[in-house]
Amino acid sequence: MIYYSTRHNSPDATLEQAVMRGLAPDGGLYMPYSIPKLPKAFFSNLKSMSLKEMAFAVTHSAFSGDIPGDVLQKLVNNTFSFDMPLRHIAGNHYVMELFHGPTMAFKDVGARFLGGLLRYYMQQQGGKSVNVLVPTSGDTGAAVAGGLHNVPGVNVWVLYPENSISYIQEAQFASLGGNVHALEVKGSFDHCKSLVEQAFKDKELNQNMLLTSATSINVARIVPQVVYYFWAYAQLAHERESVERLVFSVPCANLGNLVSGLVARELGLPIDRFVAVENINHVFYDYMQTGSFDPQRSVASIAPALDAGNPTNFERIVDMTGSIENARTLIHARTYDDATIEATMRDTYDHHSYMLDPHSAFAYRGLCDDLHAGEIGISLATAHPAKFASQVENALGEDIDVPRQLSGYLGGMRQVTSISHNYNDLKTKLMTFGG
């Protein structure tokens, strides 16, 4: 399959080129020229498939066989090694738990798949070293760092805004050391993204080293996330006689998860529509209301992973929908403030004995407010509540247990370098240590 840039001013690329570059030379995002429909036989057998069987079929189709079958099978086996259960909350409301992986966040799926694919392509290129740049508001950094820690020939640079992520999130990547470099940026998440984008456009830097991205900029982060939309549908099909008028509610920041849902729909999954839910950084919501895209400086909220004022995947949304009218047919945007989400966390726990982290609470609140009679709704739960223990405890008024999977990071020594949001600081670090 051949990939083009959403800005249409770069040469077409193969999958390997798109993955290894991350961002197109013109600053656009790579997209495939076509997304093939899955065959009818796939849907006929869907209920009898295991998660790994389904993941292989979906990714093989989405990548049009560009990854050798044995390589893809290994990627799938490593990536989808944990459960992603669908929980029934009440009525037609369900929650898809995506946080049972190594770092207890949904990004384990895309990061583990991308990490394995990068390793494969590096081996094909003779072991050439690569520098993976990861701007993060918390969970991406942990997932990518965990997936690529101590991989020979890989340097992982995690850029995150100071005083803006939870202690556990920081510990998950800042305590690893080795080939993982934690850079605390004096600024916002948008500054972190801007630094990475400047690095990709820096001709001198790119002549001296190989750079790629492990964020949802990279198409190999988007595709594996498609799988859990199919897995949610399959679990629902086991529980109900028919699954019609299906709605997914997605907590949105950089819009990568929403793009994955749109790709799932293009592959043939019968999704009626999506609810895109933002916090007080509601740039996409404003676009859906006005038709005008106006990036803003991000503002800190109760859900830091949603604090994005310039969503990276906006160009892919526009590219896939074609017009604001089409986008409004497929997507209903909502936005909530912190107080509303705290109340949602309390109410859901009090009435249904179900605990949500703040990000998942945005999606669930959007689903509750937006679901119409006769529709079936699934909201995506993107992080374990213990990753945001202080926010959850403040909302619920009680302590919560931290799983051993997370608490094990807390005793490690943080290895952090502080930099300004001046691009020359980042360039100096990369040129000194990343060659």
Partners meeting salt bridge (Lys or Arg N to Asp or Glu O under 4.0 Å) with [X] (sequence neighbours left out):
{"X": "Lys387", "value": "Asp139"}
{"X": "Arg221", "value": "none"}
{"X": "Arg328", "value": "none"}
{"X": "Arg273", "value": "Asp370, Glu375"}

Sidechain-backbone polar pair: [X] side chain, [Y] backbone, donor-acceptor under 3.5 Å:
{"X": "Thr290", "Y": "Ser292", "result": "yes"}
{"X": "Ser260", "Y": "Ile222", "result": "yes"}
{"X": "Asn394", "Y": "Ser390", "result": "yes"}
{"X": "Asn313", "Y": "Asn254", "result": "yes"}
{"X": "Lys47", "Y": "Ala234", "result": "no"}
{"X": "Ser360", "Y": "Leu356", "result": "no"}
{"X": "Asn45", "Y": "Ala41", "result": "yes"}
{"X": "Asp357", "Y": "His384", "result": "no"}
{"X": "Thr140", "Y": "Thr136", "result": "no"}
{"X": "Gln172", "Y": "Leu406", "result": "no"}

Side-chain donor-acceptor pair under 3.5 Å between [X] and [Y], yes or no?
{"X": "Arg112", "Y": "Ser81", "value": "yes"}
{"X": "Tyr228", "Y": "Asn257", "value": "yes"}
{"X": "Asp66", "Y": "Tyr3", "value": "no"}
{"X": "Ser5", "Y": "Asp26", "value": "yes"}

Spatial distance of atom [atom1] ([X]) from atom [atom2] ([Y]) [nearest 0.5 Å]:
{"X": "Asn9", "Y": "Tyr4", "atom1": "CG", "atom2": "OH", "value": "15.0 Å"}
{"X": "Glu315", "Y": "Ile217", "atom1": "CD", "atom2": "CD1", "value": "10.0 Å"}
{"X": "Arg334", "Y": "Leu367", "atom1": "CZ", "atom2": "CG", "value": "10.0 Å"}
{"X": "Leu262", "Y": "Ile271", "atom1": "CG", "atom2": "CD1", "value": "8.0 Å"}
{"X": "Leu133", "Y": "Asn131", "atom1": "CG", "atom2": "CG", "value": "6.5 Å"}

Applying the side chain to side chain contact (heavy atoms under 4.5 Å, CB included) criterion to Asp307, which one of Asn279, Asp190, Val299 satisfies it?
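Filter result, single survivor: Asn279.
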[atom1] of [X]: more than 12 outside heavy atoms within 6.0 angstrom?
{"X": "Lys37", "atom1": "NZ", "result": "yes"}
{"X": "His421", "atom1": "NE2", "result": "no"}
{"X": "Arg240", "atom1": "CZ", "result": "yes"}

Exercise: identify the closest heavy-atom pair between [X] and [Y]:
{"X": "Ala363", "Y": "Ser249", "answer": "O-OG, 2.7 Å"}
{"X": "Gly22", "Y": "Tyr30", "answer": "O-CD1, 3.8 Å"}
{"X": "Cys252", "Y": "Ala276", "answer": "SG-CB, 3.7 Å"}
{"X": "Ala327", "Y": "Met288", "answer": "O-CE, 3.6 Å"}
{"X": "Ile376", "Y": "Leu371", "answer": "C-CD1, 4.0 Å"}
{"X": "Phe274", "Y": "Arg265", "answer": "CE1-CD, 4.2 Å"}

For [X], enumerate each residue passing the side-chain hydrogen bond (donor to acceptor under 3.5 Å, both in side chains) test, keeping only those at least two apart in sequence or located in another chain.
{"X": "Glu97", "answer": "Arg87, His100, Tyr354"}
{"X": "Glu398", "answer": "Tyr349"}
{"X": "Asp70", "answer": "none"}
{"X": "Thr382", "answer": "none"}

Are any of the side-chain heavy atoms of [X] and [Y] separated by less than 4.5 Å?
{"X": "Val219", "Y": "Leu15", "answer": "yes"}
{"X": "Tyr336", "Y": "Ile341", "answer": "yes"}
{"X": "Met345", "Y": "Pro385", "answer": "no"}
{"X": "Met320", "Y": "Val263", "answer": "yes"}
{"X": "Leu306", "Y": "Glu278", "answer": "no"}
{"X": "Met84", "Y": "Phe106", "answer": "no"}
{"X": "Tyr287", "Y": "Ile324", "answer": "yes"}
{"X": "Gln73", "Y": "Phe56", "answer": "yes"}

side-chain hydrogen bond (donor to acceptor under 3.5 Å, both in side chains) between Thr340 and Asp337, intermediate numbers included:
CA-CA 6 Å; Thr340 302; Asp337 60 21; 2.7 Å; yes
side-chain contact (heavy atoms from CB on, under 4.5 Å) against [X], all qualifying residues, sequence neighbours excluded:
{"X": "Ser323", "value": "Glu325, Asn326"}
{"X": "Asp338", "value": "Ser301, Ile302"}
{"X": "Ala220", "value": "Val19, Leu114, Leu117, Asn218"}

Residue pairs, two or more places apart or on separate chains, that pass side chain to side chain donor-acceptor pair (under 3.5 Å) and touch residues 229-239:
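Every side chain to side chain donor-acceptor pair (under 3.5 Å) pair that includes a residue of residues 229-239, provided the two are not neighbours, is Tyr94-Glu239.
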Option passing ring pair (Phe, Tyr, Trp, His ring centres under 6.0 Å) with His359 (candidates Tyr364, Phe99, Phe388)
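By the ring pair (Phe, Tyr, Trp, His ring centres under 6.0 Å) criterion, His359 pairs with just one of Tyr364, Phe99, Phe388: Phe388.
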Classify the angle between the aromatic ring planes of Tyr285 and His282 as parallel (below 30°), tilted (30 to 60°) or perpendicular (above 60°).
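The arrangement is perpendicular - the two ring planes meet at more than 60°.
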Students often mix this up, so state it plainly: with edges at 30° and 60°, are the rings of Phe284 and Phe314 parallel, tilted or perpendicular?
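Ring orientation, 0 to 90° scale: perpendicular.
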Test log, rule side-chain hydrogen bond (donor to acceptor under 3.5 Å, both in side chains), inputs Ser188 and His191
CA-CA 5 Å; Ser188 67; His191 286 123; 3.2 Å; yes
